[in-house]
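Only heavy atoms go into these numbers, but all of them, side chains included; no hydrogens, no water, no symmetry mates. In listed order, ligands and their atoms are each counted from 1.
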Amino acid sequence: MTQDIATLDAIVARAPVIPVLVFEDPESAVAIGRALVAGGLPALEITLRTPAALDCIRACRTIEGAVVGAGTVLDAGQMEAAVSAGANFLVSPGASPRLMDAAASARAPLLPGVATAGEAMTLMERGYRRMKFFPAEPAGGAEYLKALASPLPQVKFCPTGGVTLEKAPKYLALPNVMCVGGSWVVPADAVKARDWGRIETLAREAAALARG
Ligand code: 3PG
């Protein structure tokens, strides 16, 4: 099938920010996931960048109210492993032809990454209308993304990469932005200190951001 837009839209409708997460172990993953959900960010993107990532996806699926995505999905094998671990959605930094072939029969919707009009058009040929704009700030930021809205009004983006609480509003005000992604809500020092209260506070600030 082509992209399951309705499911992705329902997920991103739940909060303006998708936290991008790098988890080292399931126990702290669940504690952080609970803090994020309590703060109002129920859609979690757990990146496949650590050996424990799949176990963390499985563990976070037990958090009431959480919608658990797998991020940094680079190939068909990772896609299958993430879905088998219970991922509700999949995110990739880019879109290779083989990854897109695998996504056509995956049991969870993919939000693929693009950084140019040409890449977006290639995905549009496959029926894609929801994309990650990555890496958002280095690729040109909100100004750049705004310039894609006129020629490509069908496409809605989730800018990710260098987005912060301060930078998020200029993206969220754009007509072609549905949400933003970012790791700022889970700072490394808060994780080290096991300061889940601080993460919940950062999530609450992020969840209060207005969409345009
Ligand atoms: C990602 O992994 O998708 C982004 O690199 C997250 O970017 P950030 O750490 O700059 O928020």
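Counting only N and O atoms by type, the side chains of E137 and Y171 include a donor and acceptor under 3.5 Å apart. Remark: the T201 side chain and the E205 side chain contain no N/O donor-acceptor pair separated by less than 3.5 Å.
Residue W184 has no nitrogen or oxygen atom sitting less than 3.5 Å from a nitrogen or oxygen atom of ligand 1, judged on distance alone. For the pair E45 and ligand 1, the shortest N or O to N or O distance does not fall below 3.5 Å. Any N or O atom pair closer than 3.5 Å counts here, and F134 shares no such pair with ligand 1.
Proximity of G161 to ligand 1 is established by a heavy-atom distance of less than 4.0 Å. Distances shorter than 4.0 angstrom do not occur between any heavy atom of T47 and any atom of ligand 1. A heavy-atom separation below 4.0 Å is not found between E137 and ligand 1.
The proximity of K167 to ligand 1, defined as any non-hydrogen pair under 4.0 Å, does not occur for either the backbone or the side chain.
Checking each of L99, L48, L74 against M79 for a side-chain contact (heavy atoms from CB on, under 4.5 Å) leaves exactly one that passes, namely L99.
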| message | Run the salt bridge (charged side-chain N to carboxylate O under 4.0 Å, His left out) test on R198 and D189 for me, step by step, so that the C-alpha distance in whole Å, both residues' side-chain angles and the decisive distance to 0.1 Å come before the verdict. | response | CA-CA 10 Å; R198 181 163 161 231; D189 58 339; 3.3 Å; yes
When the side chains of residues 27-35 are checked against the rest of the protein, which donor-acceptor pairs come out under 3.5 Å, sequence neighbours left out?
residue : atom : partner : partner atom : Å
E27     : OE2  : R194    : NH2          : 2.9
S28     : OG   : D25     : O            : 3.4
S28     : OG   : D25     : OD1          : 2.7
S28     : OG   : D25     : OD2          : 3.2

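Checked by atom type and distance alone, the side chain of T7 never pairs as donor or acceptor with a backbone atom of D4 at under 3.5 Å.
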